[in-house]
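The structure follows.
Just so it is clear: chains get the letters A, B, ... in the order the sequence lines come, proteins before strands, and each one is counted from 1. The figures here come from the full heavy-atom set of this structure, side chains too, leaving out hydrogens, waters and symmetry mates.
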Amino acid sequence: MGTEYYNPRTAEKKWQSVWEKSAVFKVRNDDPRQKYYVLEMFPYPSGRIHMGHVRNYTMGDVVARFKRANGYNVLHPMGWDAFGMPAENAAMQNRVHPREWTYRNIAVMREQLKSMGLSLDWSREFATCDVDYYYHQQVLFLDIYEKGLVTRKTSKVNWDPVDHTVLANEQVVDGRGWRSGALVEQQELAQWFFRTTDYSEELLEGLDCLEQWPDKVRTMQRNWIGKSEGLIIRWQLAPGTFGKSVCIEVYTTRPDTIFGVSFIAIAVDHPLARELAKTDSDLQAFIDECYQASTSTAAIETAEKKGFKTELDVLHPFDNEWKIPVYVANFILMDYGTGAIFGCPAHDQRDLDFANAYDLPVRPVVLPQDDQDPMTFSVTKAAYTENGTLIHSRFLDGLTPQAAFEEVATRLKKTMLDGKPQAEQCIQFRLRDWGISRQRYWGCPIPVIYCDDCGIVPVPKADLPVILPEDVTFDQPGNPLDRHEKWKRVKCPKCSRLARRETDTMDTFVDSSWYYARFTAPWKKEPTDIVAVDHWLPVDQYIGGIEHAILHLLYSRFFARVMKKIGHVQVEEPFKSLFTQGMVVHETYRNNQGWVSPAEIRIEEKDGNRTATLCSSGEPVEIGSIEKMSKSKRNVVDPDDILASYGADTVRWFMLSDSPPERDVIWSEAGVEGVHRFVQRIWRLVSGAAGELRDIMPQAIYNGAAGEISKAAHCTLKAVGDDFEKLAFNRAVARLYEFVNIISPALQSAGRVETDMKAALRQALDFLIAMIAPMMPHLAEECHAILGGKNLVANLFWPIFDSALIIDNDLTIPVQINGKKRGDLIIARDADQATIEKAVLSLDFVVNRLGNKIPKKIIIVPQRIVNVVI
RNA sequence: GCGGGUGUGGCGGAAUUGGUAGACGCGACGGACUCAAAAUCCGUUUCUUUUUAGAGUGUCGGUUCGAGUCCGACCACCUGCACCA
């Protein structure tokens with residue numbers, strides 16, 4: 001008999017060091033085998049790995065090991081997304097340098113990942129805060145700058161006046177800075193931008209080719225890019241109302257509703273509004289008020305539509321007698337379209353709200369298709385935005401909105417205003433240029449110098465890298481680089497006079513926009529090795545959380561295109577296949593003192609009622625809802641604890657079983673124990689039979705009881721392989737449970753069975769080991785070894801499936817009567833329709849049901865099903 | 001408000017894509033082993049009815065010999081965007 005208890009602690013350590021010593025997972029770029037690149041989104045080194053990492057990296061590892069077993073040369077690297085705010089926050093709170101904090105976290109997390117037994121090529125590891133990595137990023141920046149795809153412009157930002165920094169929208173809570181609690185101000189600030197908008201159309205069209213991306217992600221990106229087609233219409237100012245401007249340009253997607261217009265509204269930061277405010281203090285006061293209110297998202301959601309009526313009127317493009325008032329309004333965005341709209345309240349909800357607030361006319365011009373009377377149709381509270389027929393619109397009457405759109409466009413393109421056509425066709429995008437300037441220390445310095453005489457001067461490549469200074473302090477708010485006078489002071493590369501460095505660093509999304517390319521040749525003295533990058537990209541399988549559906553994935557797609565343009569990569573789409581995995585969630589517990597950690601409680605179950613009590617005092621604890629693991633709810637389970645008590649294979653198997661990978665998985669103590677029992681069960685079965693099967697030649701048997709074992713082995717092998725291809729890990733797991741249930745009785749009596757059965761069992765075990773290996777690699781090695789297997793499972797090929805085994809001469813097919821299953825029919829596989837019909841009609845249960853009636857119809861789907869209709 | 005998705009036993013979920021609904025796991029219950037417990041092994045476990053049988057995949061309707069799967073309307077929950085003209 002074999003060893004009773006499998007000890008993952010010793011076995012896993014052992015195999016991890018064997019793999020490392022024999023360098024099985026090291027990849028060569030010049031390996032002749034077909035390439036396969038598996039990548040999981042690299043982690044931020046926050047301190048310790050969490051269950052989300054465990055799930056993500058387990059899935060990627062299954063794919064990597066499975067592809068490797070199928071003969072691919074697999075690139076499966078790991079690195080660290082290591083720049084960012086938390087390091088600086090730690091520096092402020094704990095007086096530790098961000099660099100030290102970050103590298104210490106990396107060291108801890110690297111060991112944690114290693115204890116999971118991941119098949120990674122650690123020789124390619126890097127962190128984005130390594131000088132070597134951000135040096136190459138600065139090179140890329142300069143190349144992109146040279147191509148004119150980086151610009152400097154002013155934009156409105158959320159400014160925290162206490163911390164002296166720009167805040168991202170997510171960092172503004174109820175109009176206040178999330179750290180300082182200070183009221184956030186809107187400020188105009190000069191910032192660096194990547195010109196993502198140059199690629200709006202390409203980024204949109206590229207989505208159509210990404211067939212192996214989830215539709216959800218593609219839709220989200222499509223909406224984010226937000227293409228719309230419309231018309232820019234120029235409205236002439238009524239004569240004498242204002243000196244300088246002649247007209248107001250308005251962007252609209254509904255020019256068909258032009259006769260429903262009742263006002264023009266312009267943004268508070270529209271040039272015309274500013275001009276007017278110079279001589280109108282009431283307007284200036286209104287603008288100031290809007291500026292203060294418009295920061296927080298909560299405020300925007302509930303904000304009333306407010307407007308300020310100016311002295312101006314415009315003339316209707318089709319009627320010189322028709323004057324329309326101009327408002328400055330708080331809901332108009334300056335950076336979309338032209339920063340001005342014409343309001344048609346009857347057919348736009350937002351315009352209707354505004355019109356109702358300021359008593360403006362509501363004139364319906366599109367009649368719903370069901371035959372309403374044009375004279376009685378009116379709009380009061382709900383704008384009508386559907387299709388219909390035009391009314392009250394002079395020459396447009398009777399047209400569809402689409403035809404009216406064309407008619408208005410054609411006419412206005414011909415009339416001229418101030419030397420230009422009065423309208424032009426226009427395509428708008430929601431996508432904005434990507435602002436990358438951050439007033440932070442812990443990021444990649446932007447390699448630019450400001451000279452009073454020469455202006456903006458990029459740092460010459462020979463002077464790169466611009467290295468972050470070490471001697472910085474975090475005892476005051478703001479950017480330490482900005483007050484580091486020695487580092488800031490620099491000679492102008494052009495005129496050698498005293499100049500100053502850019503003190504902003506790049507958004508950390510830049511770091512993660514090209515790391516996948518760097519992994520293909522991290523040793524290279526240039527950002528990429530064009531041969532290596534062309535060989536490996538695109539990433540064949542990218543795996544990560546849905547939270548990156550827009551920003552990271554869009555920036556990476558943009559960056560690939562830009563890098564292609566500057567000659568660093570050859571692909572436009574970096575990720576061929578994308579998989580977004582679900583979260584790890586856990587029950588929550590609380591008592592009158594607040595949230596309680598799962599480690600502090602005991603759960604009992606009786607007659608379907610689960611109750612929780614505190615371990616320490618026995619006091620009852622309320623069982624709450626299932627939530628994403630978070631520190632605040634105290635429902636976090638530390639992977640370290642689980643790895644220590646159950647081992648990596650148990651955790652990995654748990655992560656893959658039950659829940660489909662794209663959905664959330666519920667972590668439960670009972671579930672882990674169940675998985676661990678299965679690990680032990682496999683070990684008991686294999687080690688128990690090992691003595692009998694060690695010297696047996698594995699072989700498929702085609703008949704008898706041993707034939708059943710062989711059949712199950714080959715069917716399972718095929719199914720599990722197909723499941724892995726589709727990343728349907730939960731199904732693979734279920735099939736393996738089933739398979740083990742089938743072979744376990746024979747295995748338990750392996751000492752007493754015939755030679756044929758032994759040969760079949762031995763092959764079944766070899767298959768089992770191959771199939772569990774991607775998911776539970778340590779257990780697989782241990783089982784392989786005890787069976788006397790040579791080599792490492794990590795180096796073995798996926799077994800070959802024999803289709804001859806699965807074809808039976810006799811089939812069992814279900815027989816339905818009126819669509820409800822009533823029994824089975826066993827019949828030859830190749831039986832023809834007439835034979836089947838005859839056999840069915842002589843079945844007892846069919847005869848009984850029929851009585852003396854004659855069936856109306858008999859549906860026979862060969863090898864599938866029979867349905868007798870009475 | 002707009003977009004996307006999901007809905008199947010006590011629970012997580014299967015279902016060859018229109019063909020045996022509930023695989024597999026968790027939990028529960030029963031039995032064997034044990035002085036006993038744990039572990040292990042063997043059963044039972046959608047609901048109603050004692051059985052026969054019937055009902056059943058969020059609700060209502062439709063197509064079909066046959067619907068969890070397709071079509072229409074609705075309900076609930078999750079999620080993304082949100083004054084985008």
Q: Could you tell me whether Ile858(A) contacts a base, only the sugar-phosphate backbone, or nothing, with contacts defined as non-hydrogen atoms closer than 4.0 Å?
A: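 If one applies the 4.0 Å heavy-atom cut-off, Ile858(A) turns out to touch nothing in the nucleic acid.
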Q. Any Lys/Arg nitrogen of Asp353(A) or Arg350(A) sitting under 4.0 Å from an Asp/Glu carboxylate oxygen of the other?
A.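 No salt bridge links Asp353(A) with Arg350(A).
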Q) side-chain hydrogen bond (donor to acceptor under 3.5 Å, both in side chains) with Arg430(A): which residues, sequence neighbours excluded? A)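 With neighbours one apart ignored, the set is empty.
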Q: Give the nucleotide from the list rC83(B), rU20(B), rG12(B) with an atom nearest to the side chain of Lys821(A).
A: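 So the nucleotide nearest the side chain must be rU20(B).
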Q: May I ask you to say what Asn741(A) touches in the nucleic acid, namely base, sugar-phosphate or nothing, with a heavy-atom cut-off under 4.0 Å?
A: sugar-phosphate
**Q.** Syn/anti state for rU17(B) [syn: chi within 90° of 0]
**A.**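 In terms of base orientation relative to the sugar, rU17(B) is syn.
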Q) Taking atom types as modelled and ignoring hydrogens, do the side chains of Arg663(A) and Gln581(A) form a donor-acceptor contact shorter than 3.5 angstrom? A) no
**Q.** Electrostatic pair Arg234(A):Glu424(A) at N-O distance under 4.0 angstrom
**A.**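 Salt bridge between Arg234(A) and Glu424(A), a charged N being under 4.0 Å from a carboxylate O: no.
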Q.
Once pairs are restricted to Watson-Crick or G-U wobble with both distances under 3.5 Å, how does RNA chain B read as a dot-bracket string, [ ] for crossings and | for other-strand pairs?
A. (((((((..(((......[....)))((((((.......))))))(((....)))..(((((..]....))))))))))))....
Q) How about Ile865(A) and Ile813(A): do any of their side-chain heavy atoms sit closer than 4.5 Å? A)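 Side chain of Ile865(A) against side chain of Ile813(A), heavy atoms only: no contact under 4.5 Å found.
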Q: Would you mind classifying the nucleic acid contact of Arg822(A) as base, sugar-phosphate or nothing, using non-hydrogen atoms under 4.0 angstrom?
A: sugar-phosphate
Q. So does Lys856(A) reach the base of rC65(B) with its side chain, donor to acceptor, closer than 3.5 Å?
A. no
Q: Establish, with yes or no, whether the OP1 or OP2 oxygen of rA85(B) is under 4.0 angstrom from a side-chain nitrogen or oxygen of Tyr336(A).
A: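 Checking rA85(B) against Tyr336(A), a side-chain N or O does come within under 4.0 Å of OP1 or OP2.
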Q.
Is Lys857(A) close enough to rC65(B) that one of its side-chain N or O atoms is under 4.0 Å from OP1 or OP2 there?
A. yes
Q) Is it the case that Tyr251(A) and Glu249(A) place a side-chain donor and acceptor less than 3.5 Å from each other? A)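 Looking only at side-chain atoms, Glu249(A) and Tyr251(A) do not form any donor-acceptor pair under 3.5 Å.
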Polar atom pairs (N or O), protein with nucleotides 66-75 of chain B, under 3.5 Å:
none

Q.
What is the distance, to the nearest angstrom, from the CD1 atom on Ile865(A) to the C1' atom on rU16(B)?
A.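 It is 13 Å, rounded to the nearest whole Å.
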Q. Going by number, which of residues 711-735 of chain A have a non-hydrogen atom under 4.0 Å from RNA chain B?
A. Asn730(A), Arg731(A), Ala734(A)
Q. Tell me, which pairs form a side chain to side chain donor-acceptor pair (under 3.5 Å) where one or both residues lie in residues 733-744 of chain A, sequence neighbours left out?
A. Trp653(A)-Tyr737(A), Arg681(A)-Asn741(A), Asp723(A)-Arg735(A)
Q. How is Ser657(A) classified with respect to the nucleic acid when contacts are heavy atoms under 4.0 Å: base, sugar-phosphate, or nothing?
A. nothing
Q: Classify the glycosidic conformation of rG9(B) as syn or anti, calling it syn when the angle lies within 90° of 0.
A: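 You should classify rG9(B) as syn.
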Q.
Can you see if the side chain of Arg677(A) gets near the phosphate of rG27(B) - specifically, an N or O under 4.0 Å from OP1 or OP2?
A.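 It does, given that an N or O in the side chain of Arg677(A) lies less than 4.0 Å from OP1 or OP2 of rG27(B).
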(Q) Categorize Val861(A) for me: base, sugar-phosphate, or nothing, with a 4.0 angstrom heavy-atom threshold over every strand shown. (A) base
Q. Taking 4.0 angstrom as the limit, do Lys726(A) and Asp722(A) come out as a salt bridge?
A.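 No, no charged N to carboxylate O under 4.0 Å.
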Q: Can you run down the ring-ring contact (aromatic ring centres under 6.0 Å, His included) pairs that involve residues 332-352 of chain A, sequence neighbours left out, and say none if there aren't any?
A: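 Every pair satisfying ring-ring contact (aromatic ring centres under 6.0 Å, His included) with a residue in residues 332-352 of chain A: Trp235(A)-Phe342(A).
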Q) Do the side-chain N and O atoms of Asp433(A) and Thr197(A) include a donor-acceptor pair separated by under 3.5 angstrom? A) yes
(Q) Ring of Phe429(A), cation from Lys227(A) - is the NZ or CZ under 6.0 Å from the centre and inside 45° of the axis? (A) no
Q.
Ring centroids only, cut at 6.0 angstrom: are Tyr646(A) and Phe654(A) within range, meaning strictly under it?
A. no
Q) When all nucleic acid strands are considered with a 4.0 Å heavy-atom cut-off, which category describes Arg222(A): base, sugar-phosphate, or nothing? A) nothing
Q: Select base, sugar-phosphate, or nothing to describe what Tyr737(A) touches, counting heavy atoms under 4.0 Å on all strands.
A: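 Sugar-phosphate, no base atom in range.
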